Amino acid sequence: APPPRPPAAAAPRHRGARRGARENTFAAFDLALARGCDGFECDVRRTADGRGVLCHDPQLQGLTIAACSYREILGRCRDLCCLRSEEHTS
């Protein structure tokens, strides 16, 4: 007899849960995990000053992430940014 099959794993999600939250955001990651997802893929880009930014593309609103400081990106793209840290919400 063949060996028993392991239980099926939940499929990993691409950039979190797409339905119910903007993809590649902490809300999408939290939602994917709450729905039983085993994991997810995300895209992190490093700014010129060494900060991490969740963004699929190397450019955001015409800015090249690797060539800009975190503050430059925040100043131009504040409406697109999902901030997690309290220090950057003012």
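Only a predicted model underlies this, so the values are computations on that prediction, with no experimental measurement involved.
Here the CG-CD1 distance, from Asp49 to Ile73, works out to 8.0 Å after rounding to the nearest 0.5 Å.
For Glu72, the side chain to side chain contact (heavy atoms under 4.5 Å, CB included) partners are Cys68, Ser69, not counting sequence neighbours. Residues satisfying the side chain to side chain contact (heavy atoms under 4.5 Å, CB included) test with Leu54, not counting sequence neighbours, are Asn24, Phe26, Phe29, Cys42, Val44.
When atom types are taken as modelled, the side chain of Arg45 and the backbone of His56 share a donor-acceptor pair closer than 3.5 angstrom.
Linking ILVMFWY side-chain heavy atoms closer than 4.5 Å, directly or via other members, places Leu63 and Ile65 in a single hydrophobic cluster.
More than 12 heavy atoms of other shown residues, nucleotides or ligands fall within 6.0 angstrom of atom CZ in Arg35.
Considering all non-hydrogen atoms of both residues, Val53 and Tyr70 come closest at CG2-CD1, 4.2 Å.
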